[in-house]
Amino acid sequence: MSTVQHSVSKTSVSKVAILALAIIFAAGLFVVGFDQGHIFSVVYGEQAFVDLTIHELTHDMRHAAGFPCH
Amino acid sequence: MKSALFIAIVIISGALAGAIHGTVNFAIVEPYLDQAIGIENENLFASGEEEDNPQFWADYEEYRVWQKSGQVLAGMILGIAMGSLFGIVYALSRNSLPGKNDVTKAVILAGIMWLTIYLIPFLKYPANPPTVGDAETVVLRSILYISFIAISGFGALGFYKLSQKLQSDKKYLGILGYVIFIVIAFFVMPENPDEVTAPMNLVNEFRLMSVLGVTSFWISVGFILGLFWNKFDDTNLSKNNS
């Protein structure tokens with residue numbers, strides 16, 4: 001009786017790793033694509049929406065990558 | 001593959017591809033941004049909102065240096081973000097992708113994602129340089145853009161899943177279904193509400209450079225993650241050691 005071995009290549013990455021990368025994806029996308037002072041407002045309050053520090057830092061990439069900017 | 005190693009190669013490949021994207025933008029997109037901001041300044045002077053004086057130009061230089069200095073850094077942050085999505089999709093779809101090794105598989109997936117979550121949404125809502133866009137509509141435009149990316153991305157995923165249930169000689173119906181679906185979405189989704197007031201040759205050249213920049217990211221991230229996966233994946237390591 002011959003034994004046939006099937007070699008199956010499995011991609012085995014944990015759900016925790018997938019979840020961690022999903023969070024990194026959402027956070028990074030928000031920083032570059034959509035922040036209008038929201039992140040720094042946690043620390044600086046309303047002034048962050050005037051200063052737009054992250055918005056200005058990501059301004060050129062935001063335009064170049066196709067995100068609406070202002 | 002161990003979780004920590006998987007996360008590390010995904011983040012590093014995204015950061016490297018993002019740095020390439022930022023550097024390419026620095027070379028080919030920045031001149032168009034400067035031109036567009038120049039027009040924006042002229043409009044401010046003409047409307048009386050700003051005065052053409054040394055103080056204005058000192059402030060302008062200061063914030064333009066800050067904006068330009070963020071190009072590569074923002075590229076790396078965006079690269080890590082999009083690279084993370086790419087890594088997730090690659091890990092979940094690797095066994096279904098065509099190609100003999102991980103570089104080929106990853107580059108093919110990068111091409112599919114470039115088309116479905118970048119180029120097709122771009123055709124509906126193309127990039128605009130500064131001076132185009134009303135600040136009052138930025139939230140609406142952001143919602144429309146991200147919605148179309150999600151519609152196209154999940155649509156592609158849905159029709160791929162559907163095609164898996166079809167016989168091999170009818171799998172093309174999955175692609176056909178996606179094409180019909182996205183054409184309908186293209187016409188149903190509202191237009192960008194803002195009028196383009198800048199010279200169209202500037203806007204079109206900016207858009208072309210923008211596409212080249214983003215394309216450099218997708219080629220790079222596919223190639224780099226594929227190389228890392230080839231090198232570090234357990235199944236490849238055991239094959240190489242046997």
Side-chain angles (χ1 to χ4, degrees), chain A, chain B residues 1 3-4 6-7 10-11 14 21-22 25-26 29-30 33 36 63 66-71 73-75 77-82 84-85 87-88 90-95 118 121-122 125-130 133 135 137-138 141-142 144-146 192 206 209-210 213-214 217 233-235:
Chain A
M1 187 185 214
S2 65
T3 305
V4 179
Q5 285 190 327
H6 292 282
S7 173
V8 178
S9 172
K10 286 189 175 179
T11 303
S12 54
V13 292
S14 72
K15 287 179 183 171
V16 174
I18 299 283
L19 180 64
L21 288 176
I23 292 168
I24 293 169
F25 161 66
L29 191 67
F30 183 81
V31 167
V32 178
F34 303 102
D35 180 79
Q36 302 282 5
H38 301 87
I39 293 172
F40 276 16
S41 71
V42 175
V43 178
Y44 297 110
E46 289 297 312
Q47 187 59 36
F49 295 102
V50 178
D51 294 341
L52 295 174
T53 308
I54 292 179
H55 172 104
E56 296 296 356
L57 186 69
T58 62
H59 173 272
D60 286 15
M61 175 55 79
R62 195 174 287 200
H63 277 283
F67 294 99
C69 189
H70 43 70
Chain B
M1 188 182 292
S3 295
F6 167 60
I7 292 172
V10 166
I11 288 177
H21 182 194
N25 281 351
F26 213 86
V29 181
E30 282 296 344
L33 291 173
Y63 86 75
W66 176 248
Q67 289 178 336
K68 286 186 181 183
S69 67
Q71 182 73 269
L73 176 62
I77 298 169
L78 184 62
I80 290 169
M82 297 310 292
S84 295
L85 179 66
I88 293 169
Y90 186 72
L92 298 177
S93 65
R94 177 173 172 259
N95 294 336
Y118 172 65
F122 177 93
Y125 300 114
N128 280 317
T137 64
V138 69
R141 285 181 285 125
S142 297
L144 291 175
Y145 186 56
I146 205 74
N192 182 334
F206 165 80
M209 296 303 135
S210 164
V214 177
F217 167 77
D233 185 37
D234 299 342
T235 53

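Computed from a predicted structure; not experimentally measured. Chain naming here is simple, since letters A, B, ... match the order of the sequence lines and numbering starts at 1 in each.
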| message | I need the A:I18 CD1 to A:K15 NZ distance, nearest 0.5 Å. | response | 10.0 Å
| side-chain contact (heavy atoms from CB on, under 4.5 Å) partners for A:F67, two or more places apart | A:L29, A:F34, A:R62, A:A65, B:L78, B:Y145
| If you look at every heavy atom in B:E30 and A:D60, which pair is closest and at what distance? | OE2-OD2, 2.7 Å
| field | Closest approach of B:L33 to A:H63 (non-hydrogen atoms, all atoms of both residues) | value | CD2-CB, 3.9 Å
| query | Closest approach of A:H55 and A:C69, non-hydrogen atoms and distance? | reply | CE1-O, 3.3 Å
| message | Taking side-chain contact (heavy atoms from CB on, under 4.5 Å) as the definition, give me every residue that meets it alongside B:V214, ordered by chain and number, with sequence neighbours left out. | response | B:H21, B:Y118, B:W218
| Of all the residues in residues 36-49 of chain A, which have a heavy atom that comes within less than 4.5 Å of a heavy atom in chain B? | A:Q36
| query | When heavy-atom pairs shorter than 4.5 Å are enumerated against chain A, which of B:V29, B:V10, B:I88 gives the highest number? | reply | B:I88
| task | Could you pull out the closest heavy-atom pair between B:F26 and B:K68, with the gap in Å? | result | CE1-O, 3.3 Å
| remark: Under 4.5 Å to a heavy atom of chain A? For B:N25 that would be side chain
| request: Could you tell me which portion of B:I146 (side chain, backbone, both or neither) has an atom closer than 4.5 angstrom to a non-hydrogen atom of chain A? | output: side chain
| query | Could you give the distance from CG (A:L57) to CD (B:Q71), rounded to the nearest 0.5 Å? | reply | 10.0 Å
| field | Part of B:F206 within contact of chain A (heavy atom distance under 4.5 Å) | value | side chain
| query | Contact part of A:V31 toward chain B, heavy-atom cut-off under 4.5 Å: side chain, backbone, both or neither? | reply | side chain
| task | For chain A, find which of B:W66, B:F122, B:F6, B:Y63 contributes the most heavy-atom pairs closer than 4.5 angstrom. | result | B:W66
| note | Closest heavy-atom pair, A:M61 versus B:A74, reported as atoms and distance to 0.1 Å, is CB-CB, 3.6 Å
| field | Partner chain A: residue of B:A127, B:S3, B:A81 with the largest heavy-atom pair count (under 4.5 Å) | value | B:A81
| Who are the side-chain contact (heavy atoms from CB on, under 4.5 Å) partners of B:I7, not counting sequence neighbours? | A:A17, A:A20, A:L21, B:I11
| field | Proximal component of B:P130, with respect to chain A [non-hydrogen, under 4.5 Å] | value | both
